[in-house]
Number of protein chains: 2
Amino acid sequence: MAQKIKLSTIAESLGLSTATISLALRDSPLVAVDTRERIKEQARTLGYIYNRRAASLRTSRSGIIGVVVHDIMNPFYGEILKAIESELDRSRHTFILSNHYDSVEKQRNFIETLLQLGGDGVIMSPAIGTPDEDVMLAEQNGMPAILVARSMEGLDLPTYRGDDAYGISLATNHLIGLGHRAIAFIGGTDQTSTGRDRYQGYVNALRKAGIEVDPDLRIQGPRTKQGGFEAAVNFLSLAQKPTAAVCWNDLVAIGLMNGIARAGLVPGHDISVTGYDDLEEASIATPSLTTVANGQTEVGRLAARALLDKLAGNHDPDGIHLIKPEMRIRQSTEPLNR
Amino acid sequence: MAQKIKLSTIAESLGLSTATISLALRDSPLVAVDTRERIKEQARTLGYIYNRRAASLRTSRSGIIGVVVHDIMNPFYGEILKAIESELDRSRHTFILSNHYDSVEKQRNFIETLLQLGGDGVIMSPAIGTPDEDVMLAEQNGMPAILVARSMEGLDLPTYRGDDAYGISLATNHLIGLGHRAIAFIGGTDQTSTGRDRYQGYVNALRKAGIEVDPDLRIQGPRTKQGGFEAAVNFLSLAQKPTAAVCWNDLVAIGLMNGIARAGLVPGHDISVTGYDDLEEASIATPSLTTVANGQTEVGRLAARALLDKLAGNHDPDGIHLIKPEMRIRQSTEPLNR
DNA sequence: CTGAAAGCGCTTACAG
DNA sequence: CTGAAAGCGCTTACAG
C-alpha cells in the first residue's frame, strides 16, 4: 500500500496550496475553471481519497444519518428502509442502520454511537418503553430525530405513520359487510401506539355495527409469520367459533392461513382473513391476501425528506403526519355462507 | 443546546490535563484508580460525548465495518447480516450496511464512502460483474475485504459460503430417490459463482443416476418469491411434464408452490418441490418445504470473526471456506406414484 | 502518576 | 484568483 495521498500531496505536486485544492475538489467557483480541472485530474491519478473524518471534524457535518427500527428483516420495515435509502442516496448521505429488537438499551447504544460519529440526524421507530430522555439526548446534541411507524406520546417530534385506527376499521367493516359477526383480532400488543390504535379501530367498527365486543376473541402477541402460524391452534379452538380474523399485519395473516391450512381447513373459504401492510408478498399468497395498504413507501420517503429539509435549514412542521391507508380486496375474504 | 463538552472542558473543570482525561476514560492503568473514577463521574455529569471522528483522525482506526450485499430485504442475506451484527456488537464495532442490487456502480460508491469514513474493513457479497480493481481499491487503502455467499475467481480473498454444488446434489438425489425422473431446475443465473455451482450440482446428480439432462427443463432467472410465482406458468406448460422441481432457493420454491396451488394442483402431492437455504419460513410454508440448510448463520459468524481476527493482527488463512449444507426433509416432496 | 506539545487531514476566514 | 495560518477534538510519544 502506497503512502497516504492527502490534500497537501496534491498541493505540492502541483505547486499550489491546500486551500486551493480543497476548494477546487468541492467545485468552488473561487478557483479558475482550468485550475480546477487540473487539480481534479491530478487527484484522480494519485488515487486521492477524501478524508471525511478530518473534514467533518472541521465542519461538524458528517453526512451520516442513522436509522433504527425494530427489525430490518421484517419486510414492513424493509419497505420503509428502501424508501429512505433511495431518498438519502439522492442527496449523497450515508446511512447507518440498526435493529433495536425493542431493547431500549440497544437503541440507546445506537444513538450514542451515532452522536460519537457526528451523525447529522436520526430516523427511528422507537423501541417499546423508550424514555423521553433517550430521544432528547439526540436532540440536545444537535441531532434531530424523526419518528416513523410509531409515535411517542410526550414529545412533539415530527412523526410519519399510517392512520392505524382508520385502517383497521376498513378491514373490519369489510368483513362485517360480508356478513361476518364473530370476528377475532389476532396479534399485536398494547405496548405500542400502533397496537393500541389498531385494536381500538377494530373495537370501534364492531360497536358501530352493533356487534358486541368479546375480549376473548382477541389473541395478543403474534407479530410474525411464525407467531401467526402458532396462533392458529388457539384460534381454531375458540369456543365462539369465529368465522373471520382481522390480523395485526400481513405476516401474522399469512402465518395464520398456513396454520389453518395445516389443520385441514381452507383459508379464505372456511375462514376469512385480513392482513395489514400490503407487503409485496400479500398478492402472491395462497389465497391472495385481502389487506390494507399502509403506505410504508410513503412513510419512508416523507420521513427522509422531512429530515433532509430540516438539515437544510428549512422549517418543517412538527407533529404527527398520518398517511391514509387503503383497502385491497383479494381472495382471502369471502361472504359468510351459513 | 448547551455548549459542546470536550476533553478540555473536563480537564479544566477538574484541574487536570486532557492527556489524563483521555487515558482515564479509556481505562488506562496509567491513571490512578480514584482519579479515573473521579474523571468518569465528571464526564457523566457534564454529559460528555466522545468524538470518534477526532480520535479516529488521530489513530486511523474508526471502529466502522462496512457490509454490502445484494439486498438486505432478502431473508437469506438477512440471516447472514443478523449473524454478523451479533458478532460485531460484541466487539463494539459499528456496522454500515448497504444494498448494491447487483449494481457495480452502487457498490463502488459504497466502498469509496467507507474509505472516506476510514472504515476498518468490509464484508461483501460482490455484485455481478464486480471488477477486481473495485475490491483491490479497498485492500490497497488498508481496508481488508472478506467475501460472503459469492466468490470472485481471480482474487485470493477470504471467502465464506456454502458448498453449493454439493448442497444441490443432496436435493436432486433426494428427488431421484423418491422415483422422480423428470426434474426441472428453476431459477438462478449463470452470472454468479453460486448460480453456476448450483446448476452444476444438479447436472452432476442427474448424470450420476443415468438420467439425461434436458436443458429445456431449466428455467433461468427467478430468485424471488414473485419470480417463482410467475415461473409456475412456464413450469406447468413444459412439454416434458416434470414431476418435480429443484428450486434455486426457498423463496423461489415457495413462490412456485403458490403458483402451482393457484393453478389448482397440490404442491408436494402433485409436484414435488425442493428449496435451498432453509429460511425460518420454510418450515411453516404449506406444505412445509423440503430444503437444504445452507448455514447462513455460520457464514455470517465466521466471516465477521475472520475480519475481526485480521484487524486484531492475527493471521487468518485466505481462500475459500465452504460450509457443508444439510438436507431438511419435510412435506413438499413425495414419492412418485404413477 | 500527570502534563506540555505536536500532529492527524481537512476547511475557513482573512489577506493580498 | 490563490496562499498562510489557525483550529476542529482527540491521542501519543516524551519528559518529569
Side-chain angles (χ1 to χ4, degrees), chain A residues 2-40 42-43 46-64 112-113 115-120 141-142, chain B residues 2-40 42-43 46-64 112-113 115-120 141-142:
Chain A
Q3 67 173 74
K4 211 91 184 177
I5 310 297
K6 39 190 176 174
L7 281 194
S8 62
T9 322
I10 305 179
E12 283 163 23
S13 79
L14 250 34
L16 292 168
S17 76
T18 57
T20 305
I21 310 292
S22 171
L23 292 168
L25 291 179
R26 282 173 299 138
D27 258 329
S28 162
L30 291 177
V31 180
V33 176
D34 45 333
T35 317
R36 234 186 288 167
E37 280 316 314
R38 214 154 41 94
I39 290 173
K40 286 186 178 177
Q42 181 74 342
L46 293 177
Y48 171 68
I49 288 171
Y50 179 68
N51 188 327
R52 280 214 217 185
R53 291 168 290 177
S56 130
L57 184 56
R58 188 55 230 261
T59 62
S60 69
R61 265 293 192 105
S62 67
I64 292 176
E112 270 167 16
T113 301
L115 284 170
Q116 294 178 356
L117 292 170
D120 292 338
N141 285 283
Chain B
Q3 70 174 73
K4 211 91 185 178
I5 310 296
K6 40 191 176 174
L7 281 193
S8 63
T9 321
I10 305 179
E12 283 163 23
S13 79
L14 249 34
L16 292 167
S17 77
T18 59
T20 305
I21 310 293
S22 170
L23 291 169
L25 290 180
R26 282 172 300 139
D27 257 328
S28 163
L30 291 177
V31 180
V33 176
D34 47 333
T35 317
R36 236 188 286 168
E37 281 316 314
R38 213 155 41 92
I39 290 174
K40 285 186 179 179
Q42 180 75 343
L46 292 177
Y48 171 67
I49 287 171
Y50 178 68
N51 188 327
R52 279 217 217 184
R53 292 168 292 177
S56 129
L57 184 57
R58 189 55 232 260
T59 62
S60 68
R61 265 292 193 107
S62 66
I64 292 177
E112 271 168 14
T113 300
L115 284 170
Q116 294 179 358
L117 292 171
D120 292 339
N141 286 283

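Keep in mind the model is a prediction, meaning the values are calculated, not measured. Chain A is the first sequence line, chain B the second, and so forth, proteins listed ahead of strands; every chain is numbered from 1.
Contact between the side-chain N/O atoms of B:Thr18 and the OP1/OP2 oxygens of D:dG9 is not found at any separation under 4.0 Å. The side chain of B:Thr20 places an N or O atom within less than 4.0 Å of a non-bridging phosphate oxygen (OP1 or OP2) of C:dG3. Put simply, A:Ser22 has a side-chain N or O that comes within less than 4.0 Å of OP1 or OP2 on C:dT11. For the OP1/OP2 pair of D:dT12 and a distance below 4.0 Å, the side-chain nitrogens and oxygens of B:Arg26 include at least one atom meeting the criterion.
Put simply, CD1 on A:Ile5 is 16 Å from C1' on C:dC8, counting in whole angstrom units. Between the CG atom of A:Leu23 and the C1' atom of D:dC1 there is a distance of 11 Å, given to the nearest Å. Atom CG in B:Leu14 sits roughly 10 Å away from atom P in C:dG3 (whole-Å rounding). Between the P atom of C:dG9 and the CD1 atom of A:Ile10 lies a distance of 13 Å, rounded to the nearest Å. Atom CZ of A:Arg53 is separated from atom P of C:dT11 by 14 Å (rounded to the nearest Å). Atom pair B:Leu16:CG and C:dG3:P shows a separation of 5 Å (rounding to whole Å applied). Nucleotide C:dC8 holds its P atom 22 Å from the CZ atom of B:Arg52, rounded to whole Å. Rounded to a whole Å, the CG atom of B:Leu25 is 16 Å from the P atom of D:dG9.
Side-chain atoms of B:Ala19 lie closest to C:dA5 of the nucleotides C:dA5, D:dG9, C:dT12. Minimum atom distance to the side chain of B:Leu7 is reached by D:dC10, of the listed D:dG9, D:dC10, D:dA4.
Counting non-hydrogen atoms under 4.0 angstrom, A:Ala32 reaches the backbone sugars and phosphates but no base. B:Gly118 comes within contact range of no nucleotide atom at all, as no heavy-atom separation falls under 4.0 Å. Residue A:Ser60 is out of contact with every strand shown, counting any heavy-atom pair closer than 4.0 Å. At a threshold of 4.0 angstrom between heavy atoms, the contacts of B:Ser8 with the nucleic acid are absent. Residue contacts for B:Ala55: at a heavy-atom cut-off of 4.0 Å it reaches the sugar-phosphate backbone alone, with no base atom in range.
Judged purely by atom type and a 3.5 angstrom limit, B:Ser62 uses its side chain to pair as donor or acceptor with the backbone of B:Gly118. The backbone N or O of B:Ala54 lies less than 3.5 Å from no partner atom in the side chain of B:Arg58, so there is not a single donor-acceptor pair. Counting only distance, with no hydrogens or angles, the side chain of B:Arg36 and the backbone of B:Val31 share a donor-acceptor pair below 3.5 Å. B:Thr59 places a side-chain N or O within donor-acceptor distance of the main-chain N or O of B:Ala55, the cut-off being under 3.5 Å.
Mapping A:Ile49 and B:Leu30 onto DNA chain C via the closest heavy atom, the residue that lands nearer the 5' end is B:Leu30. In terms of position along DNA chain C, the nucleotide closest to B:Arg38 lies nearer the 5' end than the nucleotide closest to the other residue of the pair B:Arg38 and B:Arg58.
Taking a pair to require two hydrogen-bonding distances under 3.5 Å in either a Watson-Crick or a G-U wobble arrangement, C:dA4 remains unpaired.
Using a 4.5 Å cut-off on side-chain heavy atoms (C-beta onward), A:Leu117 and B:Ile64 make contact. Counting only heavy atoms from C-beta outward, the side chains of A:Lys40 and A:Asp27 approach each other to under 4.5 Å.
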